[in-house]
Amino acid sequence: MNNRKVRVRFAPSPTGGLHLGGVRTVLFNYLFAKHHKGEFVLRIEDTDQTRYVAGAEEYINECLRWCGLEPDESPSKGGPYAPYRQSERKALYRQYAEQLVASGHAYYAFDTPEELEDMRVRLKTTENPAPQYNHIVREQMKNSLTLQDSEVQALLAKNTPHVIRIKMPENDTLTFTDMIRGEVSFNTGMVDDKVLLKADGMPTYHLAVVVDDYLMKISHAFRGEEWLPSAPVHILLWKHLGWESEMPEWAHLPLILKPDGNGKLSKRDGDRLGFPVYAMNWTDPRSNEFTKGFRELGFLPEAFVNMLVMLGWNDGTEQEIFSIEELIAKFSMDRVHKAGAKFDFEKAKWFNHQYIHHKDNESLAALLQPMLAEKDVHAGLEFVAQVAGLVKERLYVLSEFWEHSFFFFERPKTYDTGAVVPKWNEAKEKFFTTWLPKLDKLPKQPGAAELEASFKELAAEMQIKVGELQLPFRIMLTGGKFGPPVFDIASTLGVTETQKRIAIGVDTYRKAADTTNA
RNA sequence: GCCGCGUUGGUCAAGGGGUUAAGACGCCUCCCUUUCACGGAGGAAUCACGGGUUCGAUUCCCGUACGUGGUACCA
């Protein structure tokens, strides 16, 4: 049915930060486009001037850039179908709405907001809590279907504020094929006469998507499931505008749901449950409300993308970790789930953990170094890379780096002496004071193996179990009972620093032991 | 209320008329490591419910329940 060039679009309205569901829609569009060697376009749907938020468009651009899902055509990049901002295309839409009026598929409506409100309260009942402007109600409203032609012309001539509404057929069955859901059908009588062109001359989403998808030669239209109920309106528009043969194939993507309760995931849930919902930090310029993002928390974009793609799609095998190239090669719409997926932050972190664990130390260091600088810790890239190599297997998000590695950059401020002091004795103290000078004989940056050999040799000589000594040594170096293998830490710290920490440690243990015994 | 869409373990999910119903996350136990982590080995689900169809249904059909989306001159 469709062998034309694949062209897909992501069409957000610039009203705030991009949340998980939005990014996933981008991702599916992008993967589909690349898989079919087609084009991915970004179109900004800023037809509602009241909801426009400054900076939101830049945020979207930056977000796509960070994720590595950049469009082939966009407002900032341009392209053969520019402009890509609907506000800049305003003049285009009216003619199509008028065309529909002329062909009898739409009509002028002069009802004021007050009159509409009045209709809704008047018709509201328990059975019908939300009355629609539909094929029955329109008979009693002020529009070009009920008014005399002369009246309509007069109203129009006086520039009376009006909208253009679609005239939904009373009782038709409209069926279309959704790439994910198969055949879906609606009775047209159940859907209301949606506004197509607003009183301010801007199109509503319904008109704008259809016109722009047509004009931009979109071949496949993917969007969230929340759009499924208005699909009949759009399909009718394609038909009545005479473009049916060029209508894109549709796919309505499953929603991403709250982890706990009910409903689709919102940024509120993130605040409530303690995880980000937006891709990147976002501050609303009007309210100054701040919403945290995955990027700043320390997610790697490749992990973020991988985690998102698994929410609603899989390739049918056990594989869960995919590079973007693999995803492009393997992605297909017919393996997308129908049902919504509850978001699981633990699993999301696991993906990130996998990616951090397997990322090379140098790349990690490049990401980590600026985070250290924010703490006023300045360390060379090479050293940060070395430390990263030692601790990366225990990081779930990059922002946890410091708590796992601070002792490489500064001396511990506190010591978990409780774990060693009760068993601390003169023999152990003797061991460390004896070992101290021996370290001078080692190279300044000894390997972990050398250190370990020297340590064990002396322990054997003094007939103390190595295991008894390791924990005290670790706490001298790190302050606590955690971290990479002790000798790796000592090796990274170097002889001089290790000696200093041993000296401080012995002192600390002795004092602690004294006060305990006293 | 009405309309649409959906329903396999706590979560993501594979599978699809006949199976011991994969795997992952999380949880628990054990091994490795006298730290933590990594890495191993195990443990926990009869597929929402009720009717059909069938020799046989978790898989097909119909209902019900539940969930979810829509019901704006918002997208």
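Being a predicted model, the structure only gives us computed values, none of them experimental.
Only the C1' atoms considered, U29(B) is 12 Å distant from A44(B), to the nearest whole Å. Annotation: A21(B) and G15(B) have their C1' atoms spaced 8 Å apart (nearest Å). Look at the C1' atom in both U64(B) and C28(B): the space between them is 38 Å, to the nearest Å. Across the P atoms, G63(B) and A24(B) are found 39 Å apart, a figure rounded to whole Å. Straight-line distance between the C1' atoms of C3(B) and G10(B): roughly 32 Å, to the nearest whole Å. Nucleotides U46(B) and A22(B) place their P atoms 13 Å apart, quoted to the nearest Å. Nucleotides C32(B) and A37(B) place their C1' atoms 12 Å apart, quoted to the nearest Å. A48(B) sits 12 Å from U11(B) when the P atoms are compared, rounded to a whole Å.
Listed pair Arg165(A) / C73(B) meets the phosphate criterion, a side-chain N or O lying under 4.0 Å from OP1 or OP2. Contact between the side-chain N/O atoms of Lys258(A) and the OP1/OP2 oxygens of G67(B) is not found at any separation under 4.0 Å. Considering only side-chain N and O atoms, Asn314(A) lies nowhere under 4.0 angstrom from the phosphate OP1 or OP2 of A13(B). In this structure, His337(A) reaches the A14(B) phosphate: one of its side-chain N or O atoms is under 4.0 Å from OP1 or OP2. For the pair Arg335(A) and G15(B), the criterion of a side-chain N or O lying under 4.0 Å from OP1 or OP2 is met.
Other residues, nucleotides and ligands contribute more than 12 heavy atoms inside 6.0 Å of the CZ atom of Arg335(A). Within 6.0 Å of CD in Gln463(A) there are 12 or fewer heavy atoms belonging to other residues, nucleotides or ligands.
Between Glu114(A) atom CD and A72(B) atom P the separation is 17 Å, expressed in whole Å. Nucleotide C3(B) holds its C1' atom 14 Å from the CD atom of Glu225(A), rounded to whole Å. Atom pair Asp118(A):CG and C73(B):P shows a separation of 15 Å (rounding to whole Å applied). As rounded to whole Å, 11 Å separates atom C1' of C73(B) from atom CG of Asp111(A). As a whole-Å value, the separation of Asn143(A) CG from C73(B) C1' is 15 Å. When the P atom of G70(B) is taken as reference, atom CG of Leu174(A) falls 20 Å away, rounded to whole Å. Distance Lys423(A) NZ to U35(B) P: 12 Å, rounded to the nearest Å. Atom CD in Glu318(A) sits about 7 Å away from atom P in A24(B), given to the nearest Å.
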Audit row: Phe275(A), Phe343(A), ring pair (Phe, Tyr, Trp, His ring centres under 6.0 Å) steps and yes/no: CA-CA 11 Å; Phe275(A) 59 77; Phe343(A) 178 65; 5.2 Å; yes
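In this structure, the side chain of His353(A) engages the main chain of Glu393(A) through a donor-acceptor pair within 3.5 Å. Checked by atom type and distance alone, the side chain of Asn134(A) never pairs as donor or acceptor with a backbone atom of Gly189(A) at under 3.5 Å. The closest donor-acceptor contact from the side chain of Lys198(A) to the backbone of Thr47(A) lies under 3.5 Å. Of the possible donor and acceptor atoms, one in the side chain of Asp111(A) sits under 3.5 Å from a partner among the backbone N and O of Lys142(A).
Aromatic rings of Tyr205(A) and His234(A) (six-membered ring for Trp) have centroids within the 6.0 Å cut-off, being under it. For Phe431(A) and Phe473(A), the ring centers sit 6.0 Å or farther from each other. Close placement of the Trp313(A) and Phe322(A) rings is indicated, their centers lying within 6.0 Å of each other. Between Phe294(A) and Phe304(A), the ring center distance clears the sub-6.0 Å criterion.
Using a 4.0 Å heavy-atom distance criterion, Val184(A) is classed as a sugar-phosphate-only contact. Among the protein residues, Asn187(A) comes within range of no part of the nucleic acid, since none of its heavy atoms lies under 4.0 Å from any strand. Across all strands shown, Arg474(A) has heavy atoms under 4.0 Å from base atoms, whether or not it also approaches the sugar-phosphate. Nucleic acid contact class of Gly224(A) (heavy atoms, under 4.0 Å, all strands): none. Note on His404(A): nothing from the nucleic acid sits closer than 4.0 angstrom, heavy atoms only. Looking at heavy-atom distances under 4.0 Å, Pro484(A) makes contact with a base. Contacts of Ala339(A) with the nucleic acid, taken as non-hydrogen atoms under 4.0 Å apart, involve only primed sugar atoms and P, OP1 or OP2. Among the protein residues, Ile475(A) comes within range of no part of the nucleic acid, since none of its heavy atoms lies under 4.0 Å from any strand.
Taking the ring axis of Phe28(A) as reference, the NZ or CZ atom of Arg24(A) stays within 45° of it and closer than 6.0 Å to the ring centre. Arg43(A) forms no cation-pi arrangement with Phe10(A), by the criterion of a distance under 6.0 Å to the ring centre and an angle within 45° of the ring axis. In this structure, Lys347(A) forms a cation-pi arrangement with Trp350(A), its terminal cationic atom sitting closer than 6.0 Å to the ring centre and no more than 45° off the ring axis.
Between C12(B), C38(B), A75(B), one nucleotide has an atom nearer to the side chain of His353(A) than all others, and that is C38(B).
If you check the side chains of Arg181(A) and His252(A), you find no donor sitting under 3.5 Å from an acceptor. In this model, no donor atom of one side chain and acceptor atom of the other lie less than 3.5 Å apart for Gln386(A) and Asn361(A). At a cut-off of 3.5 Å, with distance as the only test, a side-chain donor of Asn143(A) or Tyr133(A) sits close to an acceptor on the other residue. With 3.5 Å as the limit, one finds a donor-acceptor pair spanning the side chains of Asp46(A) and Ser87(A).
In the region residues 8-25 of chain A, proximity to RNA chain B at under 4.0 angstrom, judged on heavy atoms, holds for Ser13(A). Taken residue by residue, residues 120-129 of chain A places heavy atoms nearer than 4.0 Å to RNA chain B at Arg120(A), Thr126(A), Glu127(A), Asn128(A), Pro129(A). The stretch residues 41-49 of chain A touches RNA chain B through Glu45(A), Thr47(A), Asp48(A), each having a heavy atom within less than 4.0 Å of the strand.
In this view, Asp118(A) and Arg122(A) satisfy the salt bridge (Lys or Arg N to Asp or Glu O under 4.0 Å) rule, not counting sequence neighbours.
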Pairing annotation in dot-bracket form, given for RNA chain B with Watson-Crick or G-U pairs under 3.5 Å and | for cross-strand partners: (((((((..(((.....[....))).(((((.......)))))....(((((..]....))))))))))))....
Filtered N/O pairs between nucleotides 25-34 of chain B and protein, under 3.5 Å:
{"residue": "C25(B)", "atom": "OP1", "partner": "Trp350(A)", "partner atom": "NE1", "Å": "3.3"}
{"residue": "C25(B)", "atom": "O2'", "partner": "Lys347(A)", "partner atom": "N", "Å": "3.4"}
{"residue": "U34(B)", "atom": "O2", "partner": "Gly467(A)", "partner atom": "O", "Å": "2.7"}
{"residue": "U34(B)", "atom": "N3", "partner": "Gly467(A)", "partner atom": "N", "Å": "3.4"}

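Between Phe343(A) and Val163(A), the residue anchored nearer the 5' end of RNA chain B, judged by the nucleotide with its closest heavy atom, is Phe343(A). Two residues, Phe110(A) and Met190(A), neighbour RNA chain B, and the one matched to the more 5' nucleotide by heavy-atom proximity is Met190(A).
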